[in-house]
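Worksheet for the structure shown next.
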Amino acid sequence: DRKEAVDALGQALNVPRIKDSDFNEVTRGLAKCMKDANVAVVTQAAQCIELLAKGLRQAFAKHRPTVMQPIMDRLKEKKQTVADALGAALDAVFSSTNLADCLEDIIAYLSNKNPQVKEGTMKFLIRCLRTTRDVPSKPEIASICEAGKKLLSESSPALRDGGAEILGTVMKIIGERAMTPYLDGLDDIRKTKVKEFFETAEVKAKEKPKPAPAAKAPPASAKKV
């Protein structure tokens, strides 16, 4: 019954644009589905969240607090199809909001005890950094880099690589010179790894270089008498 209900909802939401109205009950119901024992219900509910977020666009932002944490809790799911659906739902939620709104939850889940949740959150943060059009503020950069550096000391190679990729992607956004203080305390091997990710990272937000100070006009040469 639950699976049929989310299937029917998915069909109803599968439209290019959705007019904003009261979707509070729907989003609460979908958030609840994230705890379902049946992975088919979880997958379909994640797809419904994705469709609703894409349809409502910016109007979905107010529902982010309802659905985002339940989706991230379910990232513990090992089955790839479920993980893909959850990741796509998170991406759609992110596209209706911005990095500043999502960052607190992301940073919190990066220190989750479950390695699957940690890895899913890490991948989500990397995707957010690649697609955000806003350069993060200094405090946001500091907390992202702090989280990235913590991942560098994880036992899992995937998490260590992810930490380096987070730092490399931030470096691509703010530039090598601005990134230097955030790499303090890292050994050369880790710095090299970060640099490798920096070189291949593709981002949409770029810190604009400050304009060079205008050159002073040369003093007018004294007229010869």
Side-chain angles (χ1 to χ4, degrees), residues 1-77 79 81-112 114 116-137 139-140 143-144 147 204-205:
D1 286 354
R2 295 194 304 278
K3 174 77 169 72
E4 281 174 17
V6 281
D7 283 347
L9 178 61
Q11 285 168 3
L13 294 173
N14 197 3
V15 291
R17 196 80 199 249
I18 298 170
K19 186 171 181 288
D20 188 24
S21 69
D22 186 355
F23 285 103
N24 293 335
E25 209 159 318
V26 174
T27 50
R28 280 198 297 271
L30 289 169
K32 206 171 165 190
C33 287
M34 289 296 121
K35 293 190 170 114
D36 205 290
N38 182 344
V39 290
V41 172
V42 176
T43 307
Q44 186 58 40
Q47 285 165 355
C48 287
I49 291 170
E50 181 189 356
L51 289 166
L52 188 57
K54 283 180 172 172
L56 284 173
R57 302 179 196 184
Q58 265 62 44
F60 187 82
K62 59 180 170 288
H63 302 295
R64 184 202 66 77
T66 309
V67 297
M68 195 162 169
Q69 288 189 5
I71 300 173
M72 290 168 96
D73 281 329
R74 196 63 197 233
L75 288 170
K76 63 178 185 272
E77 196 59 56
K79 205 171 177 194
T81 47
V82 186
D84 290 346
L86 295 168
L90 284 172
D91 291 350
V93 172
F94 176 69
S95 66
S96 75
T97 58
N98 56 46
L99 191 59
D101 285 348
C102 300
L103 198 55
E104 193 179 330
D105 283 340
I106 292 173
I107 298 293
Y109 276 80
L110 276 176
S111 51
N112 193 283
N114 184 305
Q116 293 283 131
V117 172
K118 203 179 274 190
E119 193 174 326
T121 306
M122 170 201 85
K123 288 176 178 170
F124 175 45
L125 174 57
I126 292 166
R127 296 195 301 273
C128 293
L129 290 170
R130 284 180 190 156
T131 54
T132 182
R133 292 185 182 277
D134 310 313
V135 174
S137 67
E140 286 164 0
S143 62
I144 293 167
K204 290 182 178 168

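Just so we're clear, the structure is a prediction, and the values are computed from it rather than from any experiment.
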Considering residues at least two apart in sequence or located in another chain, which fulfil the salt bridge (charged side-chain N to carboxylate O under 4.0 Å, His left out) criterion with [X]?
X      : result
Asp7   : Lys3
Glu140 : none
Asp134 : none
Asp101 : none

What is the distance from atom [atom1] of [X] to atom [atom2] of [Y], rounded to the nearest 0.5 Å?
X      : Y      : atom1 : atom2 : value
Leu125 : Leu90  : CG    : CG    : 11.5 Å
Met122 : Asn112 : CE    : CG    : 13.5 Å
Lys19  : Arg17  : NZ    : CZ    : 11.5 Å
Cys48  : Leu9   : SG    : CG    : 4.0 Å
Asp84  : Gln47  : CG    : CD    : 10.0 Å

Does [X] have any side-chain contact (heavy atoms from CB on, under 4.5 Å) partners at least two apart in sequence or in another chain, and if so, which?
X      : answer
Thr121 : Met72, Leu75, Ile106, Tyr109, Leu110, Val117
Val15  : Ile18
Leu51  : Leu13, Asn14

If every non-hydrogen atom of [X] is compared with every non-hydrogen atom of [Y], which pair is closest and at what distance?
X      : Y      : answer
Arg133 : Lys204 : NH2-CD, 3.7 Å
Thr66  : Ala31  : O-CB, 3.5 Å
Ala45  : Met34  : CB-CE, 3.8 Å
Val93  : Ser96  : O-OG, 2.7 Å

Find out whether [X] and [Y] are in side-chain contact, i.e. whether some heavy atom of one side chain is under 4.5 Å from a heavy atom of the other.
X      : Y      : result
Leu129 : Ile144 : yes
Val42  : Glu77  : no
Thr131 : Asp91  : no

A quick test of your reading: do over 12 heavy atoms of other residues, nucleotides or ligands sit less than 6.0 Å from CD of Glu104?
no
Pairs touching residues 57-73 that satisfy salt bridge (charged side-chain N to carboxylate O under 4.0 Å, His left out), sequence neighbours left out:
Asp20-Lys62, Arg64-Asp105
Which pairs pass salt bridge (charged side-chain N to carboxylate O under 4.0 Å, His left out) with one or both residues in residues 23-50, sequence neighbours excluded?
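Sorted pair list: Arg2-Asp36, Glu50-Lys54.
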Under the side chain to side chain donor-acceptor pair (under 3.5 Å) rule, collect the residues that match up with Glu119, sequence neighbours excluded.
Lys123
Among residues at least two apart in sequence or on other chains, which ones pass ring-ring contact (aromatic ring centres under 6.0 Å, His included) with Phe60?
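Per chain and number, Phe60 pairs via ring-ring contact (aromatic ring centres under 6.0 Å, His included) with His63.
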Pairs satisfying ring pair (Phe, Tyr, Trp, His ring centres under 6.0 Å), at least one member in residues 24-57, at least two apart
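Matches after skipping sequence neighbours: none remain.
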Is the backbone of Cys128 close enough, under 3.5 Å, to the side chain of Thr132 for a donor and an acceptor to pair up by distance?
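The answer is no, because no donor-acceptor pair under 3.5 Å joins these two groups.
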